[in-house]
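The structure under discussion appears below in the form of structure tokens.
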2 protein chains.
Amino acid sequence: MMRKSIKGRAAPEDLPAALHRLETLCRERGQRLTRQRRAVVRQLLAADRALSAYELLERLRPEDGRATAASIYRTLDFLMELGVVHRLESKRSFILCRHPQAPHRVQFLICRSCGEVIEAEDARLAAATERLGDRLGFALDQRIVELTGLCGRCRTREAGPS
Amino acid sequence: MMRKSIKGRAAPEDLPAALHRLETLCRERGQRLTRQRRAVVRQLLAADRALSAYELLERLRPEDGRATAASIYRTLDFLMELGVVHRLESKRSFILCRHPQAPHRVQFLICRSCGEVIEAEDARLAAATERLGDRLGFALDQRIVELTGLCGRCRTREAGPS
DNA sequence: GGCGGAATTGATACAAAGTATCATCAGGTG
DNA sequence: CACCTGATGATACTTTGTATCAATTCCGCC
Ligand SMILES: [Zn+2]
Ligand SMILES: [Zn+2]
Ligand SMILES: [Zn+2]
Ligand SMILES: [Zn+2]
């Protein structure tokens, strides 16, 4: 069965797919796949939005009452290293990666009204950032692009009800 | 006397110029120009790098022992509103704007070794972000572009001494 | 299935970043 | 120079993130 895909945006993986991807990545790199790592992925997928580390912590409590901030941050660092989780710097929060493929240059669009986050992968924008880095003599190792505004739905809603 | 300008990057204003600009902006908008606002601009200019709110607070202490975190944040919000100060989301710090002109779309290049920050204004990159926003139906009101890596100098230094 | 040991997590304490509230003060106007 | 509004001071607090060291767990191996 085909998942719905709005405007060509990457559809969310389901849980088995996400966990399987995680397992593969861990195995490839000889890293351990622990309960907490699985649980964090599960919660981020279930939330279907960006969560702060402490929001995540609350959601983990029912199934793991002993989780702490420190361990959540460690787990998130680990998952970011694997490329399975991204951090939204401007919102101090974390979101599941929507592009299962290998390393990628993404840009985030964040709706300030409904909080929706789209993970885009725009080649032209990516190329432009690389050119800028080159032009100024930088060897880039991180590209943060976070665009904030109103998403289509929220735009019509705000204009709509007179 | 001409200020040095490296690689065509905008040269820093001197203090009188920066304060004059600030005064003009305040007057235009009917906002007050207070001692603290002046002092924050002065310190950011003197530092010639990005400062966290608390670093700024320390540097203000000698001349204003009663400044508090709350007032620093208020002042920084004000100066960002005016467009005189920018915030580096990925470093949780603040830096003086290098483009005295009206509203502008900037990108930051940040050296992770020496901490240098370049405020760039790349038209192609800016255009690409707008196109992406349009394509995904977003009405953007903020564009955060922060590219991190090694600056030219630090690159040669790291490769250099065998 | 149980062992061993490095990797991971737990517990605790703490540092850093940011905000809310209300009383007091000062910048610009007339 | 008095007024009033907007800005700051004082205080307390929330949120976010880290350091340290002891206890536990994962996983390959037997
Ligand atoms: Zn991704
Ligand atoms: Zn929205
Ligand atoms: Zn600027
Ligand atoms: Zn450098």
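Here is how names work: the chains are called A, B, and so on, in the same order as the sequence lines, proteins then strands, and each is numbered from 1. These numbers come from the heavy atoms of this one structure, side chains and all, not from hydrogens, waters or symmetry mates.
A donor-acceptor pair shorter than 3.5 Å cannot be found between the side chains of A/Glu146 and B/Gln142. Side-chain contact check for A/Glu119 and A/Gln107: no donor-acceptor pair (N or O, by modelled atom type) lies under 3.5 Å. In the model, B/Thr75 has a side-chain atom that pairs as donor or acceptor with a side-chain atom of B/Gln36 under 3.5 Å.
Counting to the nearest Å, the P atom of D/dG17 and the CZ atom of A/Phe78 are 20 Å from each other. Here the P atom of nucleotide D/dT8 and the CG atom of B/Asp64 are 10 Å apart, to the nearest Å. Between B/Ile72 atom CD1 and D/dA7 atom P there is a gap of 15 Å when expressed in whole angstrom units. Counting to the nearest Å, the P atom of D/dG17 and the CG atom of A/Leu56 are 12 Å from each other.
Between D/dT11 and B/Thr68, no contact under 4.0 Å exists linking OP1 or OP2 to a side-chain N or O.
In this structure a side-chain-to-backbone donor-acceptor pair under 3.5 Å is missing from B/Glu58 to B/Glu55. Checking side-chain atoms of A/Ser71 against main-chain N and O of A/Ala67 turns up no donor-acceptor pair under 3.5 Å. Although no hydrogens or angles enter the test, the distance criterion places a donor-acceptor pair under 3.5 Å between the side chain of A/Arg37 and the main chain of A/Arg32.
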Problem set entry | Nucleotide-resolved protein contact map, nucleotides 13-25 of chain C, B/S/- at heavy-atom distance under 4.0 Å | ----BBBBB----
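Under the 4.0 Å criterion applied to side-chain N and carboxylate O atoms, A/Glu23 and A/Arg21 are not assigned as salt-bridge partners. Classification of A/Asp122 and B/Arg135 as a salt-bridged pair holds, one side-chain N sitting under 4.0 Å from a carboxylate O.
Contacts with DNA chain C (heavy atom under 4.0 Å) in residues 20-41 of chain A: A/Arg32, A/Thr34, A/Gln36, A/Arg37, listed by number.
The aromatic ring centroids of A/His99 and A/His86 lie 6.0 Å or more from each other.
Rounded to 10 degrees, the angle separating the terminal helix axes of the helix from C/dG1-D/dC30 to C/dG30-D/dC1, each built from five base pairs, is 40°.
Paired with A/Glu116 under the rule salt bridge (charged side-chain N to carboxylate O under 4.0 Å, His left out), one option of A/Arg155, A/Arg153, A/Lys91 passes, and it is A/Arg153.
Here the closest heavy-atom approach between residue A/Gly83 and residue A/Cys97 is recorded as O-CB, 3.5 Å.
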